[in-house]
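Okay, structure first, notes after.
Throughout, a chain's letter reflects where its sequence line sits, starting with A, and its residues are numbered from 1. Remember, it's a predicted structure, so these values are computed and weren't measured experimentally.
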There are 2 protein chains.
Amino acid sequence: MSVKPTKQRQRILEVIRDAKGHLTAEEVYKRLAIEDHSIGIATVYRNLKYLYDNDLVNRIQHPDFGYVYDSNLNQHYHFHCLSCNRIMDIEDMMHHELNKEVEEKFGGTVHSHMAYFYGICPECLAKQEDN
Amino acid sequence: MSVKPTKQRQRILEVIRDAKGHLTAEEVYKRLAIEDHSIGIATVYRNLKYLYDNDLVNRIQHPDFGYVYDSNLNQHYHFHCLSCNRIMDIEDMMHHELNKEVEEKFGGTVHSHMAYFYGICPECLAKQEDN
DNA sequence: ATAGATGCAAAGGTTTTGCATAACT
DNA sequence: AGTTATGCAAAACCTTTGCATCTAT
């Protein structure tokens, strides 16, 4: 990373990159604590903020768990499964043209947008059909 | 309302309807406390949940303030002004067809989606141009 | 009388902060 | 040496919960 690397900071980033999902600060902390019993939760929070501010991780609000972090920096939409409560990335779908549409309808300037889809994910749907 | 009305519940709903904006639980509480010093914050939280569950108010996640409530029950997108930090409704723009697109790309079933646009609202833009 | 709602205070959970110590440049 | 990060503990938040009291059928 271009910003100051520290041992803890690097490990936090690695954990998020390895996870390939969305982790809460608490989950990151638990995974790090396995290998490093002395790490503090404050360090995790501070570094997650730091990594987010420096565009090294992405962050979204989970309705139940507060912020969750992932390493997918490409702009993308999210799918929230109402059955298993996971959040997943939707790749290859980003309607940038909506920004212009809002500018025309609403005025002002629009930099970006995020979208959040609610439903049942393929795996949960398959499980339901098994029954 | 079709569900049990109580004095407090009605006033909470009125406050949200009058606000014509997005209020946090705390803001609702503060406005009610002016006229009724004995109201408890727990009552506000309980009733906001109750009103939301009974589809009398809408609720969205604010990235900084947790849940915020408004009385606009139509599905609509939101505009978040990065200058004044307000959230505003975007009327007459709801791309329901995106749900189908996600189902095709991602699988599963999609019930609904929300979108959140970030930028500078018309008023803040005007102020910037004044300088 | 009964069911539900309220207000208060306490508890829960998450995130931030103060501070002394430690790790870097 | 001086700056920044760390770990610990405490504090600050926000929200929920337990419980006794009150309200309305």
Once you round it to whole Å, what is the distance between [atom2] of [N] and [atom1] of [X]?
X	N	atom1	atom2	value
R9(B)	dA24(D)	CZ	P	13 Å
K49(A)	dT15(C)	NZ	P	13 Å
Y69(A)	dT14(C)	OH	C1'	11 Å
Y50(B)	dA5(C)	OH	C1'	10 Å
Y67(B)	dT16(D)	OH	C1'	13 Å
I12(B)	dT6(C)	CD1	C1'	11 Å
L32(A)	dA5(D)	CG	P	17 Å
K30(A)	dG13(C)	NZ	P	11 Å

Could you check, using the six-membered ring where one of them is a Trp, whether H78(A) and H22(A) have ring centers closer than 6.0 angstrom?
yes
Which value, rounded to the nearest 0.5 Å, describes the distance between [X] atom [atom1] and [Y] atom [atom2]?
X	Y	atom1	atom2	value
I60(B)	D89(B)	CD1	CG	7.5 Å
N58(B)	D70(B)	CG	CG	5.0 Å
K7(A)	I39(A)	NZ	CD1	9.5 Å

K30(B) and E27(B) ion-paired at < 4.0 Å
no
Does anything in residues 101-125 of chain B pair up under salt bridge (charged side-chain N to carboxylate O under 4.0 Å, His left out), and if so which pairs, sequence neighbours excluded?
R86(B)-E123(B), E101(B)-K105(B)
What's the closest nucleotide to the T6(A) side chain, out of dT6(D), dG7(C), dT15(D)?
dT6(D)
Strand-adjacent residues in residues 33-43 of chain B, judged by heavy atoms under 4.0 Å from DNA chain D
A42(B)
Please state whether the phosphate of [N], meaning OP1 or OP2, lies under 4.0 angstrom from any side-chain nitrogen or oxygen of [X].
X	N	answer
Q8(A)	dA23(C)	no
R46(B)	dA5(C)	no
Y45(B)	dT16(D)	no

Restricting to ring-ring contact (aromatic ring centres under 6.0 Å, His included), what partner residues turn up for Y118(B), sequence neighbours left out?
H80(B), Y116(B)
Identify whether any heavy atom of E26(A) sits under 4.0 Å from a base atom; if not, whether one sits that close to sugar-phosphate; answer base, sugar-phosphate or nothing.
nothing
